[in-house]
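In what follows, a single structure is set out as structure tokens and then discussed.
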There are 2 protein chains.
Amino acid sequence: MDEYINEQKLSSILKAASDPTRRSLLTTLVQQGPSRVTELARHYDMSLNSISKHIKVLEAATLVTRKTIGRVHLIEAQLEPINQIDNWFKNLRSIWDLRLDDLETILNKEICDD
Amino acid sequence: MDEYINEQKLSSILKAASDPTRRSLLTTLVQQGPSRVTELARHYDMSLNSISKHIKVLEAATLVTRKTIGRVHLIEAQLEPINQIDNWFKNLRSIWDLRLDDLETILNKEICDD
DNA sequence: TATATATTCATCCATTTGGTTGAATATACC
DNA sequence: GGTATATTCAACCAAATGGATGAATATATA
């Protein structure tokens, strides 16, 4: 189930995904599996702290989780939340199809009434 | 085809969709078909100008198009661009599956080497 | 215990964002 | 031509965003 769309969560997922650095982080995580913050930051021409902030945005949107082992923080990608975007889109599309069906019904009726 | 992902366009689509008012506008447009700016604004506790600005963001992201007839601007939803989000997600998922396959191969190899 | 490493927290700064209001533009109508 | 309607443009404002730097915290290691 879980078809219900939580608007706030959807907003946070979409906004988190709308930044190219964060999408790139997700890709790296998916390619390499759980990774440390420092290791992730290595790929970017950007301060460690900026990457740390981006990771927190992804974390708030539940697109990554964090496992802290000693001083090391292991960041892991979570893809299921992205399904919420898909649900939203499917919902939009079904509304669209519904309207087109209605239009067709109206048109058929007019033809019959002739 | 059109499988290639344009990062900038994807960013603009995701960011445009990340605002609840704009998602709501899209839903209304999909439900009611092409609508005038004033008509759209009527549903919101917000100035006409704000809605006009939101529509411009959606337009820049190609999520709506505009047909100007006299002084009236007809706004129409365009859903295909949202497929780019789906492409991005599918791409992520395939990278994910690829890594899991590699892991499995490695594990099998270790078992055979025993 | 002292030192190095991994990471976040706190500030600061420029830019973007989402909203406002008032003026401008373009078209329709009497 | 004069007036009403539909919409954008321009300016402004507060808050959020994406970046930087320096200090703080927590853990590992010699």
Side-chain angles (χ1 to χ4, degrees), chain A residues 7-29 32-78, chain B residues 7-29 32-78:
Chain A
E7 287 293 330
Q8 268 184 272
K9 180 160 192 192
L10 181 55
S11 292
S12 76
I13 294 170
L14 286 162
K15 186 172 276 183
S18 75
D19 183 272
T21 302
R22 287 192 291 260
R23 280 201 307 279
S24 167
L25 281 168
L26 272 183
T27 303
T28 304
L29 283 168
Q32 314 193 341
S35 313
R36 294 186 304 122
V37 178
T38 314
E39 193 198 337
L40 288 169
R42 212 165 15 86
H43 303 322
Y44 301 88
D45 187 19
M46 197 181 296
S47 76
L48 174 69
N49 287 13
S50 293
I51 297 298
S52 171
K53 268 168 82 172
H54 277 305
I55 290 171
K56 280 203 294 183
V57 174
L58 289 169
E59 205 179 0
T62 72
L63 288 171
V64 307
T65 51
R66 182 188 304 255
K67 200 171 289 173
T68 305
I69 301 160
R71 61 185 165 176
V72 166
H73 296 215
L74 270 190
I75 311 298
E76 179 169 17
Q78 299 294 334
Chain B
E7 288 293 329
Q8 267 184 273
K9 181 160 192 193
L10 181 55
S11 292
S12 75
I13 293 170
L14 285 162
K15 186 171 276 184
S18 76
D19 182 272
T21 303
R22 287 192 291 260
R23 281 200 307 279
S24 168
L25 281 168
L26 272 183
T27 304
T28 304
L29 282 167
Q32 313 193 342
S35 313
R36 295 185 304 123
V37 177
T38 313
E39 192 198 337
L40 288 169
R42 213 165 13 86
H43 302 322
Y44 301 88
D45 187 19
M46 197 182 294
S47 76
L48 174 69
N49 287 13
S50 294
I51 297 297
S52 172
K53 270 168 80 172
H54 277 305
I55 290 171
K56 279 202 296 182
V57 173
L58 289 169
E59 204 179 2
T62 71
L63 289 171
V64 306
T65 50
R66 182 189 303 256
K67 201 170 290 174
T68 305
I69 302 160
R71 60 184 167 178
V72 165
H73 297 215
L74 269 190
I75 312 298
E76 179 169 17
Q78 300 294 335

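Below, chains carry the letters A, B, ... as their sequence lines are ordered, and counting in each starts from 1.
Side-chain contact check for A:L63 versus A:V57: every heavy-atom pair is 4.5 Å or farther apart. For the pair B:L74 and B:R36, the minimum side-chain heavy-atom distance is below 4.5 Å. At least one side-chain heavy atom of A:T62 sits under 4.5 Å from a side-chain heavy atom of A:K9. At a threshold of 4.5 Å between non-hydrogen side-chain atoms, the residues B:R23 and A:L10 count as touching.
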Nucleotide by nucleotide, 5' to 3', does protein get under 4.0 Å of the base (B), only the sugar-phosphate (S), or neither (-) in nucleotides 18-23 of chain C, counting heavy atoms?
BBBBB-
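Under the 3.5 Å distance criterion, with hydrogens and angles disregarded, no donor-acceptor pair is assigned to the side chains of A:Y44 and A:S50.
Computed from coordinates, the A:K67 NZ to C:dT7 P distance equals 15 Å when rounded to whole Å. A straight line from CD1 of A:I55 to C1' of D:dG18 spans 15 Å, rounded to a whole angstrom. As rounded to whole Å, 16 Å separates atom C1' of C:dT7 from atom CZ of A:R42. When the P atom of D:dT5 is taken as reference, atom NE2 of B:H73 falls 17 Å away, rounded to whole Å. We find that NZ of B:K56 is positioned 13 Å from C1' of C:dT17, with the value rounded to whole Å. Taking atom CD1 of B:I75 as the reference point, atom P of D:dA6 lies 14 Å away to the nearest angstrom. Distance A:L14 CG to C:dT17 P: 15 Å, rounded to the nearest Å.
Residue B:R71 places a side-chain atom within donor-acceptor reach of the base of D:dT5, judged by atom type and a 3.5 Å distance cut-off alone.
Projected onto DNA chain C by closest heavy-atom contact, B:G70 and A:V37 fall at different nucleotides, the more 5' of which corresponds to A:V37.
Distance alone, capped at 3.5 Å, is enough to place a donor-acceptor pair between the B:T28 side chain and the B:S24 backbone.
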